[in-house]
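Sequence positions, counted from 1, serve as the residue numbers for this chain.
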Amino acid sequence: MDVKLGLGPENISPVLLRKVVRHGGKDPFQEASEDLKEDLGLAISAKQVQRLTERVGAEWKAQRDQQVELFKQGKLPRLHAHAPHVAVVMNDDGRVLTRAENKPPGVHEPGWKGPKYGCCLTLNSKQHPSDPQPEPPSKYLDKQRVPKLVREVQSRAGIAAKPESAPAKKARSKKHLRQRGPQRLVRTVVASMCGAEEFGYILAAEAYARGFDLAQRKAYVADGLPFNWKIWADHFRASGFVPILDFLHLLTYIYAAAQAAGVGAQRQWARYEKWLGWAWGGEREKLWAALQSESARAGAPPKDAPEHDPRVILAGAARYVENNLTRMDYPRYRKLGLPISSAPMESVVKQFNRRIKGTEKFWLKEGAEDVLQVRAAYLSEDDRVQRYWSMPRPHYRAVGRNRLCLVA
């Protein structure tokens, strides 16, 4: 290495450090090490990729935490002078395997933990005097596609799968795509291994910094998990964010309940179509009554009933709709030009899952948190990566002589 390279705290040039961290935040450390060697001729071990990625991620976490603290004190500055026209906040959780801290090498006390994810979107959309799409999309009425869609939403197993009907999507014109609904302008992402209460502050600070509370139209879209709506109640309700239950998750409950309500594929599908039409059209009370009726007809499930018991499925669907009735006025949301699906959030979760989720990936909680910060920064579409890299960095001991070098 030459002094002309402007070596940083790790005795590696800032340019190379950025490449190492970007690779380490996107791919498994071993794969990142191999790619760096093949693409850049940079000989760096997987362990060093991990060490540098987590080190920088910890620095970015400290900056995020400082932003959250300023928000709690009412001192957080806005990032932009003008408020967005349409702003949407979405959040969800995921799953990651962790292992115990302060143990000998190897995996000790493995277990699943739930990282929290959020995204803040600005949109280009317009309001309508009447419902711009009164009928459900054809993909929600396709007998082949719907079961696959339901399985993907329920299990989040479509990480490596190719999108459904990809050729059809490519064939659409840009004009046609613009007419489909609200279009994304800028997305920023936050993520953490912390609990729901603290994550609420992280998400709220991100939205505040971007001026979302001042937007002309704003929404909060999530599935029916209670922690999602506690975050909305604590941080977004007072600012007028319209609460919207993600339609895709509702669809999975409707489909499962229609299957559980009786035998015969034709009757099950007809029931699904009817219930879906009610949900799409905002006839939520009618849907709720139908689910309650079918649940009562099937009878209350015993305490030891398995999840696939029709009584459990019907009771769960009726309860899900009851708990979310106030967040299911979909014709109104479409007229306001607001999204009714958290598909952008699902896409973000999949991209995080590609990096940190796997049956052979066992993380220390702190290491997972650091990598999440790097991944979130690079998934964000603003200038935060440049801002992070431009800030002064702490001084560290060199990573070791000849630990980083160009391949001869």
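Heavy atoms of other residues, nucleotides or ligands lying less than 6.0 angstrom from CD of Gln127 number more than 12. More than 12 heavy-atom neighbours from other residues, nucleotides or ligands sit within 6.0 angstrom of CD on Gln386. Within a 6.0 Å radius of NZ in Lys230, other residues, nucleotides and ligands contribute 12 heavy atoms or fewer.
For Arg384 and Trp60, the positive end is not near the middle of the six-membered ring at less than 6.0 Å and at most 45° from its axis. Both tests hold for Arg355 against Phe29: distance to the six-membered ring centre under 6.0 Å, angle to the ring axis within 45°.
Ring centroid separation for the pair Phe227 and Phe199 does not come in under the 6.0 Å cut-off.
Across Gly211 and Ala83, no two heavy atoms sit closer than the pair O-CB, 4.0 Å. Of all heavy-atom pairs between Gln133 and Asp131, the closest is N-OD1, 3.0 Å. For Ala260 against Pro310, the heavy-atom pair with the smallest separation is O-CB, 3.7 Å.
Residues Trp275 and Leu291 are in side-chain contact: their nearest non-hydrogen atoms beyond the backbone lie under 4.5 Å apart. Residues Tyr388 and Glu59 have side chains not in contact (no heavy-atom distance under 4.5 Å, counting atoms from C-beta outward).
Atoms CH2 and CG, on Trp389 and Asp383 in that order, are 15.5 Å from each other to the nearest 0.5 Å. Going from atom CD of Gln259 over to atom CD1 of Ile254 covers 13.0 Å, rounded to the nearest 0.5 Å. Put simply, CG on Leu325 and OH on Tyr320 are 12.0 Å apart, with the number rounded to the nearest 0.5 Å. Distance check: Met345 CE to Met90 CE gives 9.0 Å after rounding to the nearest 0.5 Å.
Side-chain atoms of Arg151 and Gln154 include no donor-acceptor pair closer than 3.5 Å. Residues Thr188 and Glu206 have side chains that bring a donor and an acceptor to within less than 3.5 angstrom of each other. No side-chain N or O of Tyr220 forms a donor-acceptor pair with one of Asn228 less than 3.5 Å apart. Between the side chains of Gln73 and Glu69, at least one donor N or O lies within less than 3.5 Å of an accepting N or O. Residues Gln373 and Glu369 bring a donor and an acceptor atom of their side chains to less than 3.5 Å of each other.
Of the possible donor and acceptor atoms, none in the side chain of His249 sits under 3.5 Å from a partner among the backbone N and O of Leu245.
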Next on the checklist: Quick one, Glu34 with Gln30, criterion side-chain hydrogen bond (donor to acceptor under 3.5 Å, both in side chains). Give me CA distance, side-chain angles, the key distance, then yes/no.
Outcome noted: CA-CA 6 Å; Glu34 294 169 358; Gln30 183 59 48; 3.2 Å; yes

Item to check | Arg78 and Asp213: CA distance, side-chain angles, deciding distance, salt bridge (Lys or Arg N to Asp or Glu O under 4.0 Å) verdict | outcome: CA-CA 11 Å; Arg78 306 281 190 178; Asp213 54 310; 2.6 Å; yes

Item to check | Worked check of side chain to side chain contact (heavy atoms under 4.5 Å, CB included) between Met328 and Leu287 | outcome: CA-CA 11 Å; Met328 293 170 52; Leu287 173 63; 4.1 Å; yes

